[in-house]
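Let me begin by presenting the structure, written as C-alpha cells, before commenting on it.
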Amino acid sequence: MAKKQVYFFGGGKADGNAKMKELLGGKGANLAEMAKLGVPVPPGFTITTEICTHFYENKRTYPKGLKEEVEKAMAKIEKLMGKKFGDPENPLLVSIRSGARRSMPGMMETILNAGLTEKTIVGLIKQSGDERFVYDAYRRLIMMYSDVVMEKAAGIEPKDDEGIRRQLERIMDKVKKEKGCKSDTDLTAEDLKKLCASFKAKVKEVIGKEFPDEPNKQLWGSINAVFASWNGKRAVSYRRIEGIPDEWGTAVNVQTMVFGNMGSDSATGVGFTRNPGNGENDFYGEYLFNAQGEDVVAGIRTPAPVNEYSKSEHNKELVTLEKAMPKIYKELFTIQKKLEKHYHDMQDIEFTIEKGTLYMLQCRVGKRNGPAAVQMAVDMVKEKLINKEKAVMRVTPSQLDELLYPIIDPKVEKTHKPLAKGLPAGPGGACGQIVFTANDTVEWAKQGKKVILVREETNPEDVEGMRAAEAILTARGGMTSHAALVARGWGKCCVVGCGAMHVDYAKKEVHVNGKVFREGDWLTLNGTKGNVYEGQLPMMDASEENELLSAFLKICDAVRKLGVRTNADTPEDAKRARGFGAEGIGLFRTEHMFYGKGSDEPLFVLRKMIVSKTEDERKKAIEELYPYVKKDIKQTLEAMDGLPVVIRLLDPPLHEFVPRDPAKLEELAKDLNISMEELSNRADTLHESNPMMGHRGVRLGVTYPEVSRMQIRAIFESAAELIKEGKKPHPEIMIPVICSESELADQWAITQEVYKEVLGKYGLRKIKYMFGTMIEIPRASLVANKIAALAQFFSFGTNDMTQMGFGFSRDDIGGFLPEYLKKGLLKDDPFQTLDQEGVGELMRIGIERGRKTRKDLEVGICGEQGGDPRSVDFCHRVGMNYVSCSPFRVPIARLAAAQAAVVNKKK
Ligand code: PEP
Ligand code: MG
C-alpha cells in the first residue's frame, strides 16, 4: 500500500496523535491529539513532512496520489461542517499553516480565509449576515496571498518597503485617512468592498498576474507557499541559530476557518497554562474582541487580559474575558487544565470564539524563560505531575544560566525612576547602545559593542539582529508577540509593548515621554520587571542565594551519577563553589597563589627560589616560602572540610615568574646578595624556546626534589593540624605533566618519606589522603595501566591533552581557529568542548587501561571542558567519577550530569 500522505482530524477523531511530531509536525500532531481528547478543534488535515522532503528533492513537485488524498480529506471536513469548499451557497473557508517538528514562531507562512472568491463571497454574506466581515476577510486574504504566494513563494524580492503587502497597506492607510478612521474596524462594508477592488488592481499592476478567483487554485497556491517558506530567509536563519536540521521539513495543516471577527460575541486569543515569565501556576492569557489570530501575535492592537491574574500595568484598564464571557472563560479554563494534565507540561494555546462558540486552534509545549522553567520543574515534581528525571530534562543548561544572569544592581535600581515601562518578556538586566535596525545590530555587535535593538513593533525578519543584540526593546506587542516568544526562548533580556515610546526610523531616534534618544545613546533594561532606564546602570551577577535554584539542583543531585567538583585556587573560591554545591575541589593550582591580590610577598620568595643557583640558596628560599604555601593549603582544606581537595604540585611556567621591572630585579639581586649581571645570567638560563613543553610540572619536582618535599609537607602538616582541631581534611596529592610511571615513582618516594615524618611530628597514626596524577600527555594515557599501579586517581588535564593531541598551541589557537570554524574544518573549539573522537578516545583508553590495573581508580576531569554540558555527557558515558569546573559553572555541571544520567539510561 502506498504511504499515507494526509492525516485527518476532527469530530472527536484523528488519524494521528501527539507522538507523531516527526511526520505531522508539532502543530499537526497536537491538533490530532486534541481532537482525540474531545477538545473542540475545527476539523482539518495535515500533509506530512515527508511531502516537504519530496517537494524539495523533486523540483518542487508532489508525489502521486496527494491530490486525491487531499480531496478525500476535504470531503470529510465538508461533511462534518455541512459546508462545501467553493460552494456559492454555503462556502467552507480554510486556513493553511506550517508546522515543523519544533516550533519556529513566526518564521514560516500562513494563509487564512482561502476559498473566498467573487462567487463564495455572496454565500458567506448570506450565511453570516455580515457584509463588512466578509469583505474584511477578503481583503486579508488578498493581502496575505499576494505577499506569501504570489510574491515570496514566486521568488520575487522587492526592495525594502516596496513589497506588495506594504503597497496594499499604504492604500489602506490612505483610505483610512480619507475617511477619518482611526482603526481598521472603523472602515465600513462599502469601504472594504472598494478596498478589495483596489487591492486586486494593485496586485495585477505590481505582480502582473490576477489574484486567483478559484478556490482550488488558492488552496494549492497556499500549500505550495507554505512548503516553500521552509526555505525562506528567516526560517533558514532561525534554523541555523537554533540548530534545527534542514532535512526535517515542515508539515502543512489545512483547517476549517473559524472567525474571531464575527462581531462582539467573537474573539481570539492566546494563553499559557502557567505564567511563562515567572512559572507561577496560574492561567495566563491575552485576547482581542472581534479580531483574527494574526492581530494578537502581530502585536498591532494591545490585547486584553483573559483574567485578573493576567493583568499588567499595560492592560489593566481592559475588560477580562472572565468578566465579558464568563461561561466561555470557564470552558476555556477547564480545557487548558485538561491539556496540561494530559501533556504533563505547560501548554501554549490558541483559541477563537466564533459567535459564542469556543474553538481550540492550537496547543504546544510553551516556551518559557529560565526562571520560569526552573519554577515549573520544581512545582510539577511537588504536584506529582512529573517525576524527577522528567524535571531535570525540562530545563536547558542555558536556561539555568539565566538564574545566574546579570541583573541591574538592585540598590542602584531603587534610586532610579524608570523612564518607561513595558512588559517583562525576557529575564535579567542588560545595558547597551541603541540602534534601530537588525543589520545595524549585527554590525555594531561585530565591532564588540553592546547593543539594544529598539523597534516600534515586532518583526520576525529581525531574527539575526535580535540574536546579536544584548537586549530587545519594542513599543508595541504583548507577551505573546514574536519578539517576546523568540527572546524568551533564547533567555535574552527583552521588554515589549513599551507604549510610551515612539520610534522614528528615518531620523534614527526614539521619543519617550518628551525625551529624545538617538542611535548610540545608552539605555538599561530590566527584562524581569519590564523597566526601561536612561543611561548605563551598573550590573551585578545574580544572587548566589537562590532558594528556587537550590531546590531544582537538589532534584538534579538525586538523579545524577557523576560527582561535581570545582577548580578553585583560593580559599575564597573554594567557599563560593561550596555554596554552588561543589562536592570537593578537583583542581587546586598551587601556583595561582602567586598571582593576584596579596601575592607580592610569596611571589618575591618564589622568584628567589626560581633564580637560586645552589641547593643552599634554594633551600633557604623554600623554607621562607613554606608558611605561605601552607597557609593557603590549610585554609582551602578547611573551607572544604569533609570533602576531597585535589592539590596539584607546582606547575609553573618558570620564565613567567622572572620580574621584568628593573626595581624589582634590583630588589631580588640585593636580597640574594648577587650582582645584577649575575641575576640577569641566571634569568637567561631559564629562557625556554617552548615553555609549554619545557621545565614544568613533574620535571620541576624531579630536578628539585626539595620543591616537591616542601609542598607535600605543607599538605600533610595542614591536614595534621586540622585533624588535631577536630576537622576532616581529605587531601589528594596530584602530580602534573607526567608521561611515565617512573616520574610518578620518583615523587611517590618523596611523598612516603614526608608522610612518615609528619605522622611522627604530630603523633598521628594516619592521615587520610590519596596520591594520584594528572593525565594530560597522550603517552600517559597509553601507559595508564603502568601508571595506575601507583596512582590512586587520574584527573584528565584536557587543556594540555587537547594541545598535545591536536598539536594546537593552546595559547596561539586564536590565530587560525576562526578560519577553521568558518570553513567547517572544526565543528567546535576543542578547548571549549571536548573533541570526543580524538582526545576523548585517548581518555577512553586511559580509563580502560588504568582500571585494568586498579579497579577502583578514581577518575575525573579538570580541564576547562569539565563545565561544558556536552563534555559532561561524554564524561558520564566513559564512566568518570566526577567533573571539575570553575565555581560559576558548578550549577550547570550538576544539571548536565543529571541530564546525562537520564539520556543515557534511555539509550
Ligand atoms: C589541563 O592541562 O587541562 C589543566 C587543568 O592544567 P593547566 O590548565 O593548569 O595546564
Ligand atoms: Mg595542564
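Whatever order the structure lists ligands and atoms in, that order sets their numbers, starting from 1. The structure presented is a predicted model; accordingly, all values stated were derived computationally and were not measured. All values below were derived from every heavy atom in this structure, side-chain atoms included, with hydrogens, water molecules and symmetry-related copies excluded.
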Legend entry - Parallel, tilted or perpendicular: rings of F794 and F796 (30°, 60°):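 The arrangement is perpendicular - the two ring planes meet at more than 60°.
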
Tell me, please: is [X] in heavy-atom contact with ligand 1, that is, under 4.0 Å?
X: R696; answer: yes
X: R648; answer: yes
X: M774; answer: yes
X: R810; answer: yes

Would [X] and [Y] pass as an ion pair if we require N to O under 4.0 Å?
X: R589; Y: D651; answer: no
X: R877; Y: D873; answer: yes
X: E688; Y: R696; answer: no
X: R560; Y: E583; answer: yes
X: K634; Y: E638; answer: no
X: E706; Y: K619; answer: no

Legend entry - Distance-only polar pair, side chains of Q803 and D800, donor-acceptor under 3.5 Å: yes

Inset, instruction - Check the Mg ion (ligand 2) and write out every protein N, O or S atom at under 2.8 Å, as residue and atom. - result: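 Listed by chain and number: E776 OE1, D800 OD2.
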
As an exercise, identify every atom of ligand 1 less than 4.0 angstrom from a heavy atom of [X].
X: G797; value: 1 (C), 2 (O), 3 (O)
X: G863; value: 3 (O)
X: E776; value: 1 (C), 2 (O), 6 (O)
X: L587; value: 5 (C)
X: C862; value: 5 (C)
X: D800; value: 1 (C), 2 (O), 3 (O), 10 (O)

Inset, instruction - Would you indicate whether Q447, at its atom CD, is surrounded by more than 12 heavy atoms from other residues, nucleotides or ligands within a distance under 6.0 Å? - result: yes

Inset, instruction - Might you point out which heavy atoms bring H730 and Y769 nearest each other, and give the distance in Å? - result: CD2-CA, 4.3 Å

Inset, instruction - Say whether, by atom type as modelled, one donor and one acceptor occur between the side chain of R849 and the main chain of A784 under 3.5 angstrom. - result: no

Legend entry - ligand 1 N/O within reach of E591 N/O, cut-off under 3.5 Å: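 Checking ligand 1 against E591, no N or O pair falls under 3.5 Å apart.
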
Cut-off 3.5 Å, no hydrogens considered: what does the side-chain donor-acceptor table look like for residues 879-886, sequence neighbours left out?
unit_1, atom_1, unit_2, atom_2, d
N881, OD1, R851, NH2, 3.0
N881, OD1, V859, N, 2.7
S884, OG, T566, N, 3.4
S884, OG, T566, O, 3.1
S884, OG, N567, N, 3.4
S884, OG, N567, OD1, 2.6
S884, OG, G586, N, 3.4

Inset, instruction - Provide, to 0.1 Å, the distance between atom 7 (P) of ligand 1 and the closest protein heavy atom, together with that atom's residue and name. - result: R589 NH2, 3.4 Å

